[in-house]
Structures are given as structure tokens and as C-alpha cells.
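Report on one structure; see the data block that follows.
Side chains are part of it too, since the values below use all heavy atoms of this structure and drop only hydrogens, waters and symmetry mates.
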Amino acid sequence: MCLARISRGITLLSLIAVALAQVNITNVGPPPNNTKVLILGGGMAGVIAARTLHEQGIDDFVIVEAKTELGGRMISKPFGLTGRQVVVEMGPNWIQGTQDGNGTANPIWSLAQKHNLSTVYNDMYGSVSFFDYNGPNNYSDTFNAAVDTFAEATAIAGQRLWNNQVDMDLRSAYSFMGKSAKNPQEEACDYYQIDFEFAQSPSQTSWLASAWNNNFTYVPESGGFSDVNQMCIDPRGFVYIVQAEAAEFLQSNQILFNQTVNQIHYSANGVTVQTTGGYNLTADHVLVTFSVGVLQNVDVVFNPPLPDWKLEAISNMEMGIYTKIFLQFNDTFWFPTEMGLYADMQRGKYPVWQNLDHVGFFPGSGIIFATVTGDYAAYVEQLNSTKVQAEVMGVLRAMYPNITIPDPATIHIPTWGANGLYRGSYSNYGASFVPGHADNLRATVDDRLWFAGEATSLKYFGFLQGAYYEGQSVATHIAACVNQSSCEVIPYDSSVVNAQPYPGSLQS
């Protein structure tokens, strides 16, 4: 999706598909048909896993990718009319948490610096304009109170964590604290704190998990990186950092593009993977990096079926939908700040807006986008583009009742939930999810079938750094098995239903 691939390494990647097309690997035979490791999915987790194997001296692996390029849910797209196009991000938009002084650096921030990705600080809390269904309405005090309430909820969650108290969803938590939203403005401010971050409503979001997820990312005192959100504005797209990193070590016979996995046959003796394109690949070990949304559906058949402990963990995870609706206008009429917040009588109806025409982003582009999440995003996906545009424009005209607003020159509406490669945007923890399930989500099956991705990260679920760390960690285990130095598979928690709800490792 990048506009330009100027490095020699990235040029290599554009030739890989052609090279692979010349290799007959339809039937089981020599490498890459029969490899030590198959990596299913070429997103952040898959690429970092491949890099880790390479660093451990293992190059007998193949990445199987359904698309024609690496990057997974990092999807960049040129958007706009001819002559006014810019590259926008359908998926991840920000490096969330960078580095505080000489503290631990977010590995995504390190990749961005290494590959000279153009980013800019996004002032999400200090540069906001406020609206409701009557037009402009400055409820910034309500907004600041919502920020304080989430911080208070996070602190109380820490106390409950120490005391091994049961989890609740955030809606129940706010009610318990006496801080429930009582009007559309308060609902919109809570949305900005919760839904906008976790892609689901407070009633679908774990109190404790949301607290540690926030702290491990944004609060250096709690082991996090920093409270900075750095937004990608690179014309090559955010995905460039994955592709540039892969180009440093991948060879043409180590990637199979344009092949969707539909069956995985596994046993203690090895794994066979079949694709919709008719490929039949065997390996000693297979790393599955599919989203939890794909695992929850029937897109991929496991034979034998996955064990109950694995299915329970998969089923207990939530898969949120985070949809950005991009609009380009001939003239800019909207707020001069970076962000806009709209309070509607219906919670979640196009509440968060970002001004890409801002001087710090893409000035002169005439682009603004609205974000919807969760159930409302799923609803939007069922509509045709004409209906979505009518709804979005209805909100914009409610925000500016005293001016005449034309229809956009162009619009783009991603459909993450309906996309069979992802079945959503990223994972979230519901209140019924316990860390024992997280252990089982990432645990090895039959010593051969491995799992990694942002969803398997207890600390960083939903974040790119979660995918990075999980790909690195699981590949280290696989490398030890391949090298026979110390084959320790990732165990599952057989007593998860009776386990303590919160792991001791998170209490330190």
C-alpha cells in the first residue's frame, strides 16, 4: 500500500511473489514445501517471529501470507482525488507509548526510528473541540472529569488486583464508583476514554485488564513507555516499518504470498497446512498468528479440532471493530484543532473526529475522518456507502447547524468485521476473561502448534507492541525446540476455572 519503495531491500520484496511463482511447491517435497517452521501470517507478529528465528540461526522457515504484501492489519491507502491524495491508515495509526527519557523504548518506536518513519505528536487531549446535537458546545470540564475518572478507576483496579478481587466490566465499575454517565456529553467523554481506546463499550471491557493495559503502555512508573501518541504521516505508510525490517533478512523462497490457509492438520509428529490455492505444506512446527476474530470463526479448520481449553480461551476473548471513515472536501469548514468530539443522543454515533487538514498533519488535504467502534461499527458495515455518507453528513451538519455543508468529494469506509482475513480490528478483554485464559490462548498444542499475536499478549493486547513481543517470545521457544537446546513448549493452565484471577507477575 506504500506510495514509494525506495530502498533496495523493499524493492526485493516486490520481486518475491514473482520468484515464488517460479517454484513448484504444490506437492510435498523439498523446501519450502517441507520446512522446520511455517509461519502463518505476515503481520508484525509473523515478521518478528521470522526475524527471531533468523537471529537464532534458523532459516528453514516459510511465511504464508494471504495478501500480496507483508503487514497484516497495518494497511495504508492513498486517499483523495487526483492531485490531492495522501496516504492514510486503515489500521494502526499511532505509535502508542514511545519512550520516557532513558527508559524502556516501545519496540515499535524503535523500528520507526530505525527506518526513518515520519511521525508527528498527536495532542489527543489538549487539542480538542467539542460539539453536540445542537452544534458547538464547550464541555471541556466534563471531558477533563472523564479523564480523571478513568485514572481513578485505574488506581482502584490496582488495589483490586493486589487483593485478588473479582473483575467487573467498566460500566459496572463506574456505577460502583458513583461515576456513571448521566447525559450525552458525559457519555461522549467516556467513549473517548474507553471505546476509542479498546474498540468496545464499557460493558464489554474488563476493568482490571483495561487498567493494566493502559499502565503498561502509557505510565512509566508502572512499567509503561510514555504517555505520547505519535501519529504516522509517512507517504510510504505505517506498514513500511514491517516491510523494511523484513527486507533485511528474508529471502524470496521464504515467503508465499496470496495464499489463504483453510486447513491445519496437526499431530505430535508434525503439521500439514493446506491453502485455498491448492498448496500442501508440511513442517515440524507451525506458528499461527491469525487474529482472535479468525480463530473464533470457521475460516480455518483444525484437524483434529482444537482442545476445549484452547477453544475456551479463544471464545472468551473479544474482537473489537475500529472503523475510520475518511472524507475529503473541496473546502475546509471544520474545527482548527487536531481532534473533535461529538455528543449525540445515541451513544457511539460518529463521536470522534480527526482533522487531517491540520497544519501538523496534511495541510491542504481537505480530509477529515470519523471513528466508530464496537456494535455501531458493526452496524455501519451493514450499510451501503450512500447510507453511511448520509449518516455521517447528518452528524457534521448537526455540529455546524448555521452553515451549508456540501457532500464530500470522496469517501472511504473500511470494513474490518466483514473482512475474512481479520474478522475485526484488534482484541479486547471482557470481564469474563481471566489471565489463565491468556495463558491458554498462547499455549502450544501437541508440541507442534504455536500461537502468537497481539491477542496473546496479557500486557499489550490490542497494541502493535503486543504483536511484536509475542512474535519474538514464541519464536524463541520454537528456536530452542528446533535447535534441540531446550525444547520447552508454552504450557496451558489445566486448572484455569479454579485459578487465581490475576497473575503474580502483574503485581510486581
Side-chain angles (χ1 to χ4, degrees), residues 97 104 148-180 190 193-195 197-225 292 307-320 426-444 451 453-463 465-466 469-470 473 488-508:
T104 302
D148 293 340
T149 295
F150 185 77
E152 181 183 352
T154 299
I156 296 174
Q159 298 170 8
R160 294 181 71 85
L161 184 68
W162 275 104
N163 295 331
N164 282 331
Q165 292 176 274
V166 297
D167 196 4
M168 291 193 287
D169 62 64
L170 277 172
R171 180 195 60 80
S172 301
Y174 276 35
S175 177
F176 171 73
M177 294 165 57
K179 298 295 179 68
S180 296
D190 283 353
Q193 294 296 307
I194 300 169
D195 309 51
E197 182 67 42
F198 300 103
Q200 289 191 306
S201 69
S203 62
Q204 296 170 300
T205 302
S206 161
W207 183 7
L208 300 185
S210 64
W212 74 58
N213 183 257
N214 177 81
N215 289 349
F216 281 124
T217 295
Y218 294 117
V219 183
E221 296 81 6
S222 298
F225 305 114
V292 72
D308 286 348
W309 57 264
K310 177 68 77 173
L311 292 175
E312 181 179 325
I314 292 169
S315 299
N316 270 277
M317 200 71 183
E318 302 281 349
M319 189 68 180
Y426 51 85
S427 65
N428 186 36
Y429 282 9
S432 65
F433 196 97
V434 297
H437 283 137
D439 294 337
N440 290 351
L441 191 64
R442 74 192 303 266
T444 317
F451 295 81
E454 52 83 14
T456 66
S457 174
L458 187 58
K459 291 182 178 180
Y460 306 110
F461 61 91
F463 287 117
Q465 57 262 29
Y469 282 133
E470 289 298 290
S473 173
E488 296 181 1
V489 299
I490 300 172
Y492 75 95
D493 184 352
S494 61
S495 61
V496 64
V497 292
N498 298 314
Q500 289 293 321
Y502 314 114
S505 62
L506 288 177
Q507 297 178 7
S508 59

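- When all heavy atoms are compared, the tightest approach of S427 to E454 is OG-OE1, 2.6 Å.
- Taken to the nearest 0.5 Å, the CG atom of N316 stands 10.0 Å off from the CG atom of N440.
- Counting only heavy atoms from C-beta outward, the side chains of D195 and P202 approach each other to under 4.5 Å.
- S473 places no side-chain N or O within 3.5 Å of a backbone atom of Y469 that could act as its donor or acceptor partner.
- Put simply, the side chain of Y218 does not reach to within 4.5 Å of the side chain of T154, judged on heavy atoms.
- Contact between T444 and W309 at its shortest, heavy atoms only, is O-CH2, 3.7 Å.
- Scanning all heavy atoms of the two residues, the minimum distance from T149 to K179 falls at CG2-CB, 3.8 Å.
- Scanning all heavy atoms of the two residues, the minimum distance from G430 to E318 falls at N-CG, 3.7 Å.
- Note: K310 NZ to R442 CZ = 9.5 Å, rounded to the nearest 0.5 Å.
- Y429 is linked by a ring pair (Phe, Tyr, Trp, His ring centres under 6.0 Å) to F433, F461, counting only residues two or more places apart in sequence or in another chain.
- Side-chain atoms of D167 do not come within 3.5 Å of backbone N or O of S206 as any donor-acceptor pair.
- Distance CD/Q465 to OG1/T104: 12.0 Å, rounded to 0.5 Å.
- One distance of note links CG of L161 with CD1 of I156; it measures 13.5 Å at 0.5 Å rounding.
- For V219, the side chain to side chain contact (heavy atoms under 4.5 Å, CB included) criterion is met by N214, N215, E221, S222, not counting sequence neighbours.
- With N213 contributing its side chain and K459 its backbone, the two residues share a donor-acceptor pair below 3.5 Å.
- From T456, atom OG1 reaches atom CZ of F451 across 10.5 Å, with rounding to the nearest 0.5 Å.
- When all heavy atoms of T205 and Q200 are compared, the closest pair comes out as OG1-O, 3.7 Å.
- Taking the ring pair (Phe, Tyr, Trp, His ring centres under 6.0 Å) definition, one finds that F225 meets it with Y460, sequence neighbours left out.
- Of all non-hydrogen atoms in M317 and V292, the two that sit nearest each other are CB-CG2, 3.6 Å.
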Full working for side-chain contact (heavy atoms from CB on, under 4.5 Å) between W212 and L458: CA-CA 9 Å; W212 74 58; L458 187 58; 3.5 Å; yes
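- At least one donor-acceptor pair closer than 3.5 Å links the side chain of D169 to the backbone N or O of R171.
- Considering only heavy atoms from C-beta on, S210 comes within 4.5 Å of L170 through its side chain.
- Around CG of D308, the count of heavy atoms belonging to other residues, nucleotides or ligands within 6.0 Å does not exceed 12.
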